[in-house]
Protein chains: 2
Amino acid sequence: MKRTILIYSLAIAAAALVLQWIEYQYTVRVFSTEIYIGLIALLFTSLGVWVGYKLTHRSAAAPFERNAQALEYLGITEREIEVLELLAEGRSNKEIGEELFVSPNTVKTHLAHLYDKLDVSRRTQAIQKARSLNILP
Amino acid sequence: MKRTILIYSLAIAAAALVLQWIEYQYTVRVFSTEIYIGLIALLFTSLGVWVGYKLTHRSAAAPFERNAQALEYLGITEREIEVLELLAEGRSNKEIGEELFVSPNTVKTHLAHLYDKLDVSRRTQAIQKARSLNILP
DNA sequence: GGCAGAATCATCCGTTCGGGTGATGCGCGC
DNA sequence: GCGCGCATCACCCGAACGGATGATTCTGCC
């Protein structure tokens with residue numbers, strides 16, 4: 001992150017130097033100071049928009065970090081998470097069982113434990129709750 | 001939106017005028033052009049960051065804009081959306097019926113239509129698909 | 001006036017889920 | 001070695017859900 005800021009700072013400095021050079025070229029020309037200032041303003045405003053976009057979208061586009069504290073606190077196991085993820089994808093118990101190479105009965109057991117730990121009673125509620133706890137994206 | 005852009009443009013123009021005035025004050029002073037340019041760059045970059053932040057976060061922090069095109073295209077009705085929203089909150093058909101003052105049978109009918117339009121066969125799939133279509137937040 | 005789409009409700013039937021209970025095996029720690 | 005937690009599986013039962021079909025009412029549109 002500090003490296004990123006450094007790079008952006010250097011880029012801005014470089015742009016400033018370029019602008020300064022351009023200034024020396026153009027002050028002897030016919031353009032008025034207003035136009036000159038406007039161009040600088042426009043360019044650096046665009047630069048700022050770009051920088052701001054990069055900065056804000058770096059955190060917004062994060063690959064989603066699972067809330068480990070919640071999992072720890074609720075005592076949710078690895079296997080239960082796998083079931084939960086497939087659950088959120090809209091699979092049936094049978095399909096989940098096939099995906100994880102276990103019987104639907106086992107899936108039911110995992111789900112029952114999940115319902116217990118999440119304090120819900122339906123799969124749709126489990127999805128909603130898990131999402132609100134940042135256990136699911 | 002157009003009004004917003006206009007306001008920002010005017011703000012930038014005003015800032016440019018201010019800067020120009022400052023320039024006339026300072027060119028007779030001791031400061032070198034490098035410092036002057038640097039200040040302009042810094043100020044307008046900050047302005048750009050602010051504008052960019054406002055622009056991106058206006059859409060990101062919006063109360064969620066429903067994908068009207070998808071609804072139109074799929075032919076999903078107002079009532080079906082209401083059912084869909086309660087569905088995503090994990091309610092049962094009976095609870096949804098009570099919430100909307102209709103019988104569970106009616107809810108079932110609406111859901112059947114939704115499954116048809118969303119091309120799914122389970123409520124969890126409906127939630128997932130609706131979310132991916134930006135019909136649900 | 002009639003037609004199309006919507007919202008409402010119902011019944012039947014089969015599948016899926018959820019709750020409860022019990023059982024087995026495996027690994028880990030005291 | 002014994003207990004504990006985890007994962008696995010099974011059975012039962014009742015509730016919830018999904019699919020299909022049909023009916024009624026109302027509204028908007030041609």
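Nothing here was measured: the structure is a model prediction, and the numbers come from that model. The sequence lines fix the lettering, A, B, ..., with proteins before strands; numbering per chain opens at 1.
Partners of B:S92 according to the side-chain contact (heavy atoms from CB on, under 4.5 Å) rule, which considers only residues two or more places apart in sequence or in another chain, are A:R122, B:K94, B:E95. Partners of B:R79 by salt bridge (Lys or Arg N to Asp or Glu O under 4.0 Å), not counting sequence neighbours, listed by chain and number: B:E82. Partners of B:E85 under the salt bridge (Lys or Arg N to Asp or Glu O under 4.0 Å) rule, at least two apart in sequence or in another chain, are B:R66. For B:R91, the salt bridge (Lys or Arg N to Asp or Glu O under 4.0 Å) test picks out B:E89, B:E99, with sequence neighbours left out.
For DNA chain D, the neighbouring residues in residues 74-104 of chain A, judged by any heavy atom under 4.0 Å, are A:T77, A:R79, A:V102, A:S103. Within residues 108-127 of chain A, the residues approaching DNA chain D are A:K108, A:T109, A:H110, by heavy-atom distance under 4.0 Å.
For residues 125-134 of chain A, the set of pairs meeting the side-chain hydrogen bond (donor to acceptor under 3.5 Å, both in side chains) definition, not counting sequence neighbours, comprises A:S121-A:Q125.
For DNA chain D, the span of nucleotides reached by chain A at under 4.0 Å from its heavy atoms goes, 5' to 3', from D:dC6 to D:dC12.
The rotation axes computed at either terminus of the helix from C:dG1-D:dC30 to C:dC30-D:dG1 lie 40° apart, taking five pairs at each end and rounding to 10 degrees.
B:I81 and B:V120 fall within a single hydrophobic cluster, where Ile, Leu, Val, Met, Phe, Trp and Tyr are joined by side-chain heavy atoms under 4.5 Å apart, directly or via other members. Both B:I96 and B:I135 sit in one connected hydrophobic cluster of ILVMFWY residues. Membership requires side-chain heavy atoms under 4.5 Å apart, directly or through other members. Under the 4.5 Å side-chain heavy-atom criterion for Ile, Leu, Val, Met, Phe, Trp and Tyr, B:I127 and A:L87 are members of distinct hydrophobic clusters.
In terms of heavy atoms, B:G90 sits closest to A:T124 at CA-OG1, 3.3 Å.
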Show me, pair by pair, the donor-acceptor contacts under 3.5 angstrom made by side chains of residues 68-78 of chain A, not counting sequence neighbours?
residue	atom	partner	partner atom	Å
A:T77	OG1	A:E80	N	3.3
A:T77	OG1	A:E80	OE1	3.4

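Residue B:F101 belongs to no hydrophobic cluster, having no ILVMFWY side-chain heavy atom closer than 4.5 Å to its own.
The backbone N or O of A:L133 lies less than 3.5 Å from a partner atom in the side chain of A:N67, making a donor-acceptor pair.
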